[in-house]
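The structure under discussion appears below in the form of structure tokens.
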Amino acid sequence: MATTTKAAAPAKKSGFQGVKAAWIILAICCAAGYGVWYFVMGNPDNFVGGDRSGHPANLLGTVYKGGFVVGLILTLLFTVICLGIERFFAIRTASGKMNLAKFTAEVKAAIKAQDFTKAKDLCNKMQGSVGNVVMASINMYQTVEGDASLKKAAKIFQALSAGGGADSMALSAGISEALVNTASGILTSWVATVVYNFFSNKIDKLTYALDEIGFTIAATYDSNHNEA
């Protein structure tokens with residue numbers, strides 16, 4: 001039976017949390033894209049005789065002649081670059097401060113040993129979304145552990161649904177939605193494919209680690225409450 005220990009301070013959110021209003025980035029990128037097209041590429045120095053309606057004198061002038069769609073292409077390019085950078089810092093914060101594989105192994109070992117104080121300390125050290133999700137799972141485990149009104153099976157499923165299971169799905173869904181929105185607006189850009197796959201791989205690693213820890217919590221409870 002797990003012993004009751006003093007709850008460690010909850011993991012705190014720190015670092016870059018991501019841009020909440022993506023339309024701001026889109027607006028800025030649109031202004032930048034068309035600004036580059038009109039003022040930089042459309043600079044009179046890029047045309048013979050300084051006349052935009054005349055023949056281009058260099059490559060910039062030639063690209064400008066592509067018309068209004070050039071500004072749109074630049075907008076899409078700037079958007080994927082900006083959102084790619086934004087997702088990089090947001091996911092890096094979500095991943096926490098410790099090595100993910102090391103954190104997963106140490107937390108699983110602490111949970112199997114029913115050393116929840118150590119597990120919570122690791123969550124506080126890890127921080128980020130991963131640390132917060134695991135902390136919520138551990139807190140829920142300890143809550144249902146002391147609830148005599150719940151049957152064994154009910155405790156296991158309640159702990160997962162109210163703890164790490166739901167939160168890990170919300171974490172994955174939240175980041176995935178941002179990635180889908182990013183990719184859907186820039187399907188014509190190969191840069192979008194590279195960025196999308198890079199961050200999808202990062203998300204897979206996060207969710208796999210959370211699932212692994214959640215399974216360990218459930219298995220630990222199950223092994224300590226074998227029914228006759």
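Computed from a predicted model, the values in this text were never measured in an experiment.
- Atoms CZ and CG, from Phe199 and Leu206 in turn, are 11.5 Å apart once rounded to the nearest 0.5 Å.
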Apply side chain to side chain contact (heavy atoms under 4.5 Å, CB included) to the pair Val130 and Leu100, showing each step before the final yes or no. CA-CA 9 Å; Val130 173; Leu100 185 60; 4.2 Å; yes
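- Closest non-hydrogen pair, Lys65 versus Phe47, comes out as CE-CE2, 3.9 Å.
- Contact record, Thr62 with Pro56: N-CB, 3.4 Å, taken as the closest heavy-atom pair.
- Take Pro44 and apply the side chain to side chain contact (heavy atoms under 4.5 Å, CB included) test, not counting sequence neighbours, and it matches Arg52.
- Leu122 has its side chain out of reach of Met126: every pair of non-hydrogen atoms, C-beta onward, lies at least 4.5 Å apart.
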Dump the intermediate steps for side chain to side chain contact (heavy atoms under 4.5 Å, CB included) on Ile138 and Cys123, then the final yes or no. CA-CA 10 Å; Ile138 293 173; Cys123 291; 4.3 Å; yes
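- Scored by the ring-ring contact (aromatic ring centres under 6.0 Å, His included) test, Phe68 finds Tyr34 as partners (sequence neighbours excluded).
- No single ILVMFWY cluster, assembled from side-chain heavy atoms under 4.5 Å apart, contains both Val48 and Val63.
- To the nearest 0.5 Å, atom NZ of residue Lys202 and atom CZ of residue Arg87 are 14.0 Å apart.
- Applying the salt bridge (charged side-chain N to carboxylate O under 4.0 Å, His left out) rule to pairs touching residues 99-115 yields Lys108-Glu212, sequence neighbours excluded.
- Phe78 and Phe39 fall within the same hydrophobic cluster, defined by Ile, Leu, Val, Met, Phe, Trp and Tyr side-chain heavy atoms under 4.5 Å apart, directly or through other members.
- Using a 4.5 Å heavy-atom cutoff, the side chains of Asn132 and Gln127 are not in contact.
- To the nearest 0.5 Å, the span separating CG on Leu60 from CG on Asn58 amounts to 5.0 Å.
- Ile217 contributes atom CD1, which lies 8.5 Å from atom OH of Tyr141 (distance to the nearest 0.5 angstrom).
- The number of heavy-atom neighbours closer than 6.0 Å to NZ of Lys205, taken from other residues, nucleotides and ligands shown, is 12 or below.
- Leu74 and Leu26 end up in different hydrophobic clusters when Ile, Leu, Val, Met, Phe, Trp and Tyr side chains are linked at under 4.5 Å.
- Annotation: the span from Asn124 atom CG to Lys97 atom NZ amounts to 11.0 Å, rounded to 0.5 Å.
- Residues Asn46 and Met41 approach most closely at ND2-O, 3.2 Å, considering heavy atoms.
- Tyr64 and Trp37 have parallel rings, their planes meeting at less than 30° on a 0 to 90° scale where 60° marks the start of perpendicular.
- Neither Ile91 nor Tyr208 shares a network with the other; the hydrophobic side chains, linked directly or stepwise wherever heavy atoms of I, L, V, M, F, W or Y lie under 4.5 Å apart, form separate groups for each.
- Taking all atoms of both residues into account, the shortest heavy-atom contact from Cys29 to Thr79 is CB-OG1, 3.4 Å.
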